[in-house]
Protein chains: 2
Amino acid sequence: MTDLKSLANPLFLREDELRQAIELLFYAYRDFTRGPDEILERYGFGRAHHRALHFISGNPGITVAELLAILRITKQSLSRVLSALIEGGFVRQQQGTRDRRQRQLFLTDQGKHLERQIATVQQAKVAEAYREAGAEAVAGYRKVLSGLIDAQERPAILRAIQRR
Amino acid sequence: MTDLKSLANPLFLREDELRQAIELLFYAYRDFTRGPDEILERYGFGRAHHRALHFISGNPGITVAELLAILRITKQSLSRVLSALIEGGFVRQQQGTRDRRQRQLFLTDQGKHLERQIATVQQAKVAEAYREAGAEAVAGYRKVLSGLIDAQERPAILRAIQRR
DNA sequence: AAAACTATGGCAGTAGTGTTGACATATTTT
DNA sequence: AAAATATGTCAACACTACTGCCATAGTTTT
């Protein structure tokens, strides 16, 4: 019966398939974040610090409000993380040019170095998975993950990601 | 130059592409976990409780040690979560048949109901993403995410996922 | 110029999830 | 009988997140 169904319509989504998709995401995320965690630990930082470093690295001069919107955490949660990064000399703030209330965020050389160190590990992992899977699979990966992003913000996020 | 490179070798992985892959995973995970979080909150539970419910649901009679290996957390972390689920009547334990030291875990009817409620939300999201992306993309998604799982455990995990 | 709004920052308190290490109990294996 | 295993529990700690409240500086509106 299952076979009949999937023959008739390959996009008939059995619950098993959906469960697999969900578990794959869980396992991949679980293992993907382990490398960074080990590096961060040496600096006394956690994942939240990495996320900040990552998005400041990709968006130099980003404001606090913009970063909050990306990370979807509260001001207070980000504040702690940013303070630690600034205190440690990994991030610097600069008064906004257009609006002087804003604090634009930049990585210092030390911050760039740490970000690079982590990015290298993660990128190596992705690069290997990409090579194993092939170009076509990569396109599929992107399509499906894009579809999991909230529809409302999807266009803006995809634009931001592909901008570079 | 970038164009020349990618023309010459479509799998030449530019840093941009790798960054995109990483950010897609971040955004997808961020949004994918939001639905469940809202439901869980009503019960006073968090993500860790859901993960336990999920894997007990898919593996009725799973032992504590097996669940620990999947979640990769410490005994103490799981213990707190399991105690809450048992106390709330969502999970029940049963002494192992083969080895009476083991506690096999099962969802109660109430537990099944909660698990179902969350699974429905997540599965709907995946189903939509799958439909939008198409069957080929789904295969690619699976391939790439599989490649992100630690190589050592990959075979066992893939077997477990596809077992059903 | 005054009032209202905005961007940021800080404080206090709380919760969820994770960690380590030590110890206890029941059961199985050697 | 001794050693090993599966589980549970206690205490203590860290990271990340939350809420609510208040403060300051700067911008926009009236």
Side-chain angles (χ1 to χ4, degrees), chain A residues 26 29-30 33-34 36-56 61-88 91-106, chain B residues 26 29-30 33-34 36-56 61-88 91-106:
Chain A
F26 163 76
Y29 202 83
R30 180 195 74 172
T33 50
R34 197 144 37 167
D37 285 351
E38 282 164 20
I39 297 173
L40 290 159
E41 205 180 349
R42 292 179 221 148
Y43 292 81
F45 292 148
R47 265 181 220 180
H49 300 86
H50 176 226
R51 288 195 283 264
L53 286 175
H54 174 94
F55 285 105
I56 295 171
I62 191 174
T63 66
V64 172
E66 289 165 343
L67 192 49
L68 282 175
I70 289 177
L71 300 175
R72 300 252 207 156
I73 55 176
T74 57
K75 209 172 40 165
Q76 177 61 2
S77 294
L78 179 57
S79 175
R80 247 190 328 245
V81 165
L82 270 187
S83 304
L85 289 172
I86 290 167
E87 176 137 358
V91 168
R92 68 182 177 79
Q93 288 180 317
Q94 186 182 295
Q95 202 173 42
T97 46
R98 180 176 85 255
D99 181 337
R100 283 180 307 176
R101 286 170 305 181
Q102 297 179 332
R103 310 293 162 88
Q104 295 187 284
L105 304 170
F106 299 87
Chain B
F26 164 75
Y29 201 83
R30 182 195 73 171
T33 49
R34 198 149 32 175
D37 286 351
E38 282 164 20
I39 297 173
L40 290 159
E41 206 180 349
R42 293 180 221 148
Y43 292 81
F45 292 148
R47 267 182 219 179
H49 301 85
H50 176 226
R51 288 196 281 263
L53 286 174
H54 173 95
F55 286 105
I56 296 172
I62 191 175
T63 66
V64 171
E66 287 165 344
L67 192 49
L68 282 175
I70 289 176
L71 300 175
R72 298 251 207 159
I73 55 177
T74 56
K75 210 171 39 166
Q76 177 61 0
S77 294
L78 179 56
S79 176
R80 249 191 324 243
V81 165
L82 270 187
S83 304
L85 289 172
I86 291 167
E87 177 137 0
V91 168
R92 67 181 176 81
Q93 288 180 317
Q94 186 182 294
Q95 201 174 41
T97 45
R98 181 176 82 255
D99 180 338
R100 283 179 308 175
R101 286 171 305 181
Q102 296 180 332
R103 309 294 161 88
Q104 295 187 285
L105 303 170
F106 300 87

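Scope of the values below: all heavy atoms of this structure, side chains included, with no hydrogens, waters or symmetry mates. Chain letters run A, B, ... following the sequence lines, proteins first and then strands; every chain starts at 1.
- Distance, B:Gln93 CD to C:dT25 P: 18 Å, rounded to whole Å.
- Contacts with DNA chain C (heavy atom under 4.0 Å) in residues 36-45 of chain A: none are found.
- Remark: B:Arg101, B:Gln102 in residues 94-102 of chain B come within less than 4.0 Å of DNA chain D through at least one heavy atom.
- The side-chain hydrogen bond (donor to acceptor under 3.5 Å, both in side chains) search around A:Gln94 returns A:Arg92, not counting sequence neighbours.
- Considering only residues two or more places apart in sequence or on other chains, B:Arg101 meets the salt bridge (charged side-chain N to carboxylate O under 4.0 Å, His left out) condition with B:Asp99.
- Annotation: side chain to side chain contact (heavy atoms under 4.5 Å, CB included) contacts of A:Arg42 (sequence neighbours excluded): A:Ile39, A:Gln117.
- With sequence neighbours excluded, the residues that form a salt bridge (charged side-chain N to carboxylate O under 4.0 Å, His left out) with A:Arg30 are B:Glu153.
- C:dG9 atom C1' lies 15 Å from atom CG of A:Leu67, rounded to whole Å.
- For the salt bridge (charged side-chain N to carboxylate O under 4.0 Å, His left out) test, residues two or more places apart in sequence or in another chain that qualify with A:Arg47 are A:Asp37.
- Using a 4.0 Å cut-off on heavy atoms, the residues of residues 74-87 of chain B that approach DNA chain C are B:Thr74, B:Gln76, B:Ser77, B:Arg80, listed by number.
- Using a 4.5 Å heavy-atom cutoff, the side chains of B:Ile62 and B:Gln104 are not in contact.
- In this structure, CZ of A:Phe26 is placed 13 Å from C1' of C:dT17, rounded to the nearest angstrom.
- Using a 4.0 Å heavy-atom cutoff across all strands shown, A:His49 reaches sugar-phosphate atoms only and no base atom.
- Atom-to-atom, CD1 of A:Ile73 to P of C:dG16 comes out at 19 Å; the value is rounded to the nearest Å.
- By the 30° and 60° cut-offs, the orientation of the rings of A:Tyr29 relative to B:Tyr29 is parallel.
- When DNA chain D is scanned in the 5' to 3' direction for atoms under 4.0 Å from non-hydrogen atoms of chain A, the outermost contacting nucleotides are D:dC15 to D:dT27.
- Inter-residue side-chain proximity for A:Leu53 and A:Leu105 is flagged as unmet; no heavy-atom pair is nearer than 4.5 Å.
- In terms of position along DNA chain D, the nucleotide closest to B:Leu105 lies nearer the 5' end than the nucleotide closest to the other residue of the pair B:Leu105 and A:Arg51.
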side-chain contact (heavy atoms from CB on, under 4.5 Å) between A:Phe106 and A:Val91, worked out
CA-CA 6 Å; A:Phe106 299 87; A:Val91 168; over 6 Å; no

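- Every residue two or more places apart in sequence or in another chain was checked for a salt bridge (charged side-chain N to carboxylate O under 4.0 Å, His left out) with A:Arg100, and none qualifies.
- Whole-Å rounding puts the B:Leu71 CG to C:dT19 C1' distance at 15 Å.
- Relative orientation of the B:His49 and B:Phe45 rings is parallel, given thresholds of 30° and 60° on the angle between their planes.
- Residues that satisfy the side chain to side chain contact (heavy atoms under 4.5 Å, CB included) test with A:Ser83, not counting sequence neighbours, are A:Ser79.
- By the ring-ring contact (aromatic ring centres under 6.0 Å, His included) test, A:Tyr43 pairs with A:Phe90, sequence neighbours left out.
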